[in-house]
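Below, all heavy atoms of this structure are taken into account, side chains as well, without hydrogens, waters or symmetry copies. Being a predicted model, the structure only gives us computed values, none of them experimental.
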Amino acid sequence: MSSQALPGTGRRRFVTAGFRVGTYLSLLLIMGPVVWLLAGIIARAVPHFSWSVLTHPTTGESGGLENAIIGTLLLMAGVLVLAGGIGILAGLHLAEYAKPRKSGKESGGILRTASDVLSGFPSIVLGYVGYVALVLGLHWNFSLLAAWIILSVMVIPYIAKSTETALRQVPTAYREGAEALGMPSGYALRKVTLKTAAPGIVTGLLLALAIAGGETAPLIYTAGAFADSPVSVSLTHHPVPYLTFLVYGFYTLPENASHYLAYDAALVLVVLVLVLLVAARLIVNRTQKHSEARRG
Amino acid sequence: MMAQVMRRARSARRITAGFRTVEGALWQGAARVAVLLPLAALLFAVTILAIKARPAIIVNGWGFLTRSKFDLGQSYATTVNHIHGVAVPVGASYGAGALIAGTLESSAIAVIIAVPISIGAAFALTERMPRWVSQPLGFFIELLAGVPSVLFGLWGILTLGPFLATHIYPTIANNMPNVPVLDFFRGAAGHGEGLLTTGLVLALMIVPIITATTRDLFSQVPPLPKEGGEALGMTDWEVARRVTLPWVRSGIIGATVLGLGRAIGETIAVAIVSGSLLASVAPNAYGTFGTLAAAIVTQLDSASTDGTGFAVSTLAELGLILAVISVGVNLAARLVIKRSTRLGAPVGRAT
C-alpha cells in the first residue's frame, strides 16, 4: 500500500472509535434486555408471592402450583432416564465406535446427520406427531409417556452431542494406559474413559433438563393443557400439569388471581433454570481448575 | 492417576471372566442400538407427517403455498364434498401464503438485528475485556439460552411490546421517509404485538447462539496475524475487518443460519407476541401476523372439531412445510461450517 492510498488519519481514528463504542453498545444491547427480562418477571411475581403457592395445587383458574411443579419434575425425571440413557449411548457410539471414514471425513455418516437434523427439527412439529401418533393413534390420550417420548426425542441429539464432545476430550493416553494394563475393553470404558468424561456428560444432561423443563409447544398436545389436573403416576390416559402451560394459559385469563399464578409459575421456572445452569457451570469450572492444576 | 488405573486393573482381573468378556460387547451393542434411535425417530416423524398431510396436499394443491386463507368450513356440516376422493367440509379452504411469509419476515428481522449485535458483543468479550469480566458476562448470555421461550413471550407481550408501542414505535412511524422499504415502518404503531416486536424477541432468543459461537471462533484466531496487523499500523477496526472477521467468516455464517433455523421453528413466544393471525400478512412493521409454527400450536385444538379430519391434515401439511424449511436451513448451515473447516486461513488473499 502506498501512502497516498491510505485514508485520512482523522477518518480512521473516527471509524475506530465508532467500532469500539459499537462493540460496547452491542454488549449493552444484549445485557440490557436480559436484565430487563429477568427483573420484569421477578418484579411481576414477587409482590403477590406467598410460599403457600408452592404447597397447594391449582384449583380451577387459581390456587397454587404444587401439581404443576411436581408434574414438571416428573417430566424432567423421565427425560433424564430415557433421553439420558439413549443420548449418552448414542454419543458413545459416535465418539468411540463409529469408524472414521477415509479421506478424513467425519465418522458416523448418516447417523450423525440424522441426529443433527433432528436437533434442528421444529419442536411443535414433533408435538404434532406425538399427538397424532401417540395420543390419538395409540389411544394413550394426553399422558406422561407421550410427553416423555416427545421431549426425549427433542433432547437426545443434544445429549449425544455433548457426550461425544466430552468423550473426545479424554486424553488418548488414558485409553492406551488402560489397555496396556490389560483392562478388558468394556471395563476400561466404564472405569477410565466414561469416568473421566463424566463432568462434561453431566453438564450436557443438566442443560438438556433445563430445555425439557422450559418447553411448552410440544407438551400442549402430548402432556395436555389442563392446569388443574392432579398429578398421576400412571403412564397413559392422565394429562400432566406443568409450569410452562400455567404461564401460557393463565396470563390471558380474566381474573387477577390467574395472572398472579402465571407470574409465580414464571418465577419458579426462572429459579429452576438458574439452578440447573449454575450447577452446570460450577461443574465445568471445577473440572477445568482440576485439569489445570494437574497439568501444572 | 497412574496408581488408580493400576488398582482398577487389578480389581478388574478379579471380575468373573464371563462378564469381563461380555461387557465390552454389551456397551458396543447398546450404543449401536441407541445411535439408531434419532434416525428412527426422524423417519417416523416424517412418515407420520407425510401420511397425515397426504389428503391435504391432494386437495389444497400447489396454490396452498401462495394462497392466504384459513377457513375450516361448516363445522357441523351435513354436506361433505368429496374432492379427489378426500372428504372435505363444505366451505373449507386453506392457504399458507401468509403464514410462510410471516415466518420468513419475522425470522429475517430477528437475524438482521441479532447478527451485528452478537458479533459486536463477541468482539467486546474476547478482545476488550479481562477474563474476570468477560467470563461472568459470557455466562450471563449463556443463561439467556436457557430461559424458557414462554417467558420471552410473556415479557414480550406484557413489558417490551407496550413499552415500544407507547415510546418508540410512534416516533419511528411518524419520522420514517415515505420511500420504498422504509415506508414499511410508517403507519399505525399498533399496541405492541406484531411483526417488529416478534422480530426483536426472536433476536434476543438467538443472540446467545450466535454470540457464543462467534466468541469461541474469535478466541481461536491465532494472535500472530492480529499482532502483525497491528505492527503494520492497523487500527482495532482494521484488524477486526481485515484479519479477524475474514478468518472466521464461514463459521459466523454457519452460526447465523443455525440462529435462523431456531427463529423459524420458534413456536410459543411467537404465538404469544405475533397476534397469531392465520390468513393475513402484517400491513406494516407494527401489524399483527402469524407463522407456521404458531398456527399449528393455536389451531390444532379447533382443527380437531372437523369431523372429516381435513383440518388436522392441513396442519400436517403446514408442519411438513415448516420442517422442510428449517431442516433445509440447518443442513445448509452445517454444509457451510463443514466447508469452512476444510478451507485454509483466508488471510493474505486479495479481497
Side-chain angles (χ1 to χ4, degrees), chain A residues 12 15-16 19-20 22-24 26-27 29-30 33-34 37 40-41 86 89-90 92-94 97 111 114-118 120-126 128-129 132-133 153 156-157 177-178 181-187 189 191 210 214 216-217 220-221 244 247-248 251 266 269 273 277 281, chain B residues 5-6 8-9 12 20-21 23-24 26-28 30-32 34-35 37-39 41-42 45 48-49 52 117 120-121 123-124 128 139-141 143-144 146-151 154-155 159 204 207 235-237 240 261 265 267-268 293 296-297 300 315-316 319 322-323 326-327 330-331 334:
Chain A
R12 289 175 68 207
V15 168
T16 299
F19 169 68
R20 283 185 189 171
T23 58
Y24 286 116
S26 314
L27 198 59
L29 281 174
I30 297 173
V34 180
L37 184 139
I41 284 164
I86 296 171
L89 285 171
L92 182 66
H93 186 277
L94 292 175
Y97 297 125
L111 295 172
S115 191
D116 286 346
V117 168
L118 193 60
F121 212 72
S123 59
I124 180 61
V125 178
L126 289 178
Y128 177 94
V129 170
V132 170
V153 168
I156 280 172
L181 289 166
M183 280 190 183
S185 66
Y187 186 81
L189 180 70
K191 284 289 186 183
T216 319
I220 287 180
Y221 293 105
T244 46
V247 181
Y248 179 60
Y251 84 95
L269 277 170
V273 167
L277 292 183
R281 168 58 49 170
Chain B
V5 171
M6 285 179 74
R8 274 175 208 150
R20 193 191 295 177
T21 48
E23 191 184 354
L26 274 180
W27 278 112
Q28 190 163 3
R32 189 169 289 165
V35 81
L37 287 175
L39 180 64
L42 197 63
I48 293 282
L49 271 183
K52 268 286 163 187
I117 292 181
F123 262 117
R128 302 234 162 279
F139 173 64
F140 213 59
I141 294 179
L143 195 68
L144 197 58
V147 172
S149 52
V150 68
L151 299 187
L154 191 73
W155 176 71
T159 310
L204 195 58
V207 150
T235 63
D236 293 356
W237 162 243
T267 310
I268 222 71
I296 298 173
V297 80
L300 190 50
L315 290 185
L322 177 59
S326 48
V327 167
N330 243 287
L331 287 178
R334 285 174 208 288

Measure from the side-chain N and O atoms of A/Tyr221 to the backbone N and O of B/Val297, and report whether any donor-acceptor pair falls under 3.5 Å.
-> yes
[X] [atom1] to [Y] [atom2] distance, which is reported to the nearest 0.5 Å:
X	Y	atom1	atom2	answer
B/Gln28	A/Leu89	CD	CG	12.0 Å
B/Leu37	A/Ile86	CG	CD1	5.0 Å
B/Phe140	A/Leu27	CZ	CG	11.0 Å
B/Leu42	A/Leu118	CG	CG	5.5 Å

Got [X] and [Y] here, is their nearest side-chain heavy-atom distance under 4.5 Å?
X	Y	value
A/Arg12	B/Trp237	no
A/Ile41	B/Leu151	yes
B/Ile268	A/Ile220	yes
A/Val117	B/Leu331	yes
A/Thr216	B/Pro148	no
A/Ile30	B/Ile141	yes
A/Tyr128	B/Leu49	yes
B/Trp27	A/Ser185	no

If you tally heavy-atom pairs under 4.5 Å against chain B, which of A/Val153, A/Val34, A/Leu29 wins?
-> A/Val34
Of all of A/Gly214, A/Ala90, A/Gly22, which one pairs up most often with chain B through heavy atoms under 4.5 Å apart?
-> A/Ala90
Which heavy atom in [X] sits nearest to a heavy atom in [Y], and how many Å separate them?
X	Y	result
B/Arg32	A/His93	CA-CD2, 3.6 Å
A/Ser26	B/Gly120	OG-CA, 3.6 Å
B/Gly146	A/Val273	O-CG1, 3.3 Å
B/Leu322	A/Pro122	CG-CG, 3.7 Å
A/Ala133	B/Ile48	CB-CD1, 3.8 Å
B/Gly319	A/Val125	O-CG2, 3.8 Å

When [options] are compared by non-hydrogen pairs under 4.5 Å with chain A, the top option:
options	answer
B/Leu315, B/Val147, B/Leu300	B/Leu300
B/Ala121, B/Ser326, B/Ala293, B/Gly24	B/Ala121
B/Ser149, B/Ala41, B/Ala124, B/Gly261	B/Ala124

Between [X] and chain B, which part of the residue has a heavy atom less than 4.5 Å away: side chain, backbone, both or neither?
X	result
A/Tyr251	side chain
A/Leu37	both
A/Ile124	both
A/Pro157	neither
A/Ile156	side chain

What part of B/Leu143 gets closer than 4.5 Å to chain A, counting heavy atoms only: side chain, backbone, both or neither?
-> both
B/Ala240 versus chain A, the contacting section by heavy-atom distance below 4.5 Å | side chain
Angle class for the B/Phe123/A/Phe19 ring planes (parallel below 30°, perpendicular above 60°, tilted otherwise)?
-> perpendicular
